[in-house]
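What follows is a short report on a single structure.
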Amino acid sequence: MALYSEKVMDHFRNPRNVGIIENADGIGEVGNPVCGDIMKIYLKIDDDIITDVKFETFGCGSAIASSSMATEMIKGRSVSEALELTNKAVAEALDGLPAHKLHCSVLAEEAIKLALKDYYDKNGIEYDKEMFAGIGEDDEIVEHSII
Ligand code: FES
């Protein structure tokens, strides 16, 4: 059996929503300190609806496919619907990821959550801080000597 599903390969080869949004309403960036991959999500939000979403991912194929699928899943959705997106749902929508690549889909969930938090912060919208507890806190890129 192939390691990656056809959907993963499709979203890796033809990623949707790549790019940046100027004057985005929310921006979220996360990194994984172990693999060094970085994901940045930009949101345009009008009347509580995500009208546009773009991503920049410096990372592996699974991270790119996860970013692409996750952005497709939240486009046109409300802020509260987007907050419910889980990495599990992203991985399922991709017809699965290998176990050692599941963390790539976690980056997508976390980058979206941080972009939504940024939107709340920029607009002075009250929210339960617990919703974002722990996200992005261990993202410092650890420098390793290669000698
Ligand atoms: Fe780290 Fe894919 S290997 S995000």
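Every number for a ligand or one of its atoms is a count from 1 in the order of the listing. Both backbone and side-chain heavy atoms feed into the values below; hydrogens, waters and symmetry mates do not. Because the structure is a prediction, the values reported are computed rather than measured.
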Quick one: which ligand 1 atoms are inside 4.0 Å of a heavy atom on C35?
1 (Fe), 3 (S), 4 (S)
Please state which part of V34 comes within less than 4.0 Å of ligand 1, counting heavy atoms only: side chain, backbone, both or neither.
neither
Going by distance alone, is a donor N or O of one side chain under 3.5 Å from an acceptor N or O of the other, for Y42 and E22?
no
Over all atoms of both residues, closest heavy-atom pair of K7 and L94
CB-O, 3.7 Å
Only residue of I50, I49, V53, I21 satisfying side chain to side chain contact (heavy atoms under 4.5 Å, CB included) with K44 is I21
Is R16 salt-bridged to D10, cutoff N-O under 4.0 Å?
yes
So is L107 close enough to ligand 1, meaning a heavy atom under 4.0 angstrom away?
yes
Side chains of I27 and I41 in contact at under 4.5 Å (non-hydrogen atoms)
no
Numbered atoms and elements of ligand 1 in range of K101, under 4.0 angstrom, heavy atoms:
3 (S)
Atoms of ligand 1 less than 4.0 Å from A63 heavy atoms?
4 (S)
Aromatic contact between F12 and Y4, with the criterion being ring centroids under 6.0 Å apart: yes or no?
no
Protein contact to atom 3 (S) of ligand 1 [nearest heavy atom, distance to 0.1 Å]
H103 NE2, 3.3 Å
May I ask you to check if any N/O/S atom from C104 comes under 2.8 Å of atom 1 (Fe) of ligand 1?
no
How close do D37 and C60 get, counting heavy atoms only, and between which atoms?
OD2-N, 3.0 Å
Got a sec: is C60 within less than 2.8 Å of atom 1 (Fe) of ligand 1 via an N/O/S atom?
no
Any idea which protein heavy atom is nearest atom 4 (S) of ligand 1, and the distance to it?
D37 OD2, 3.0 Å
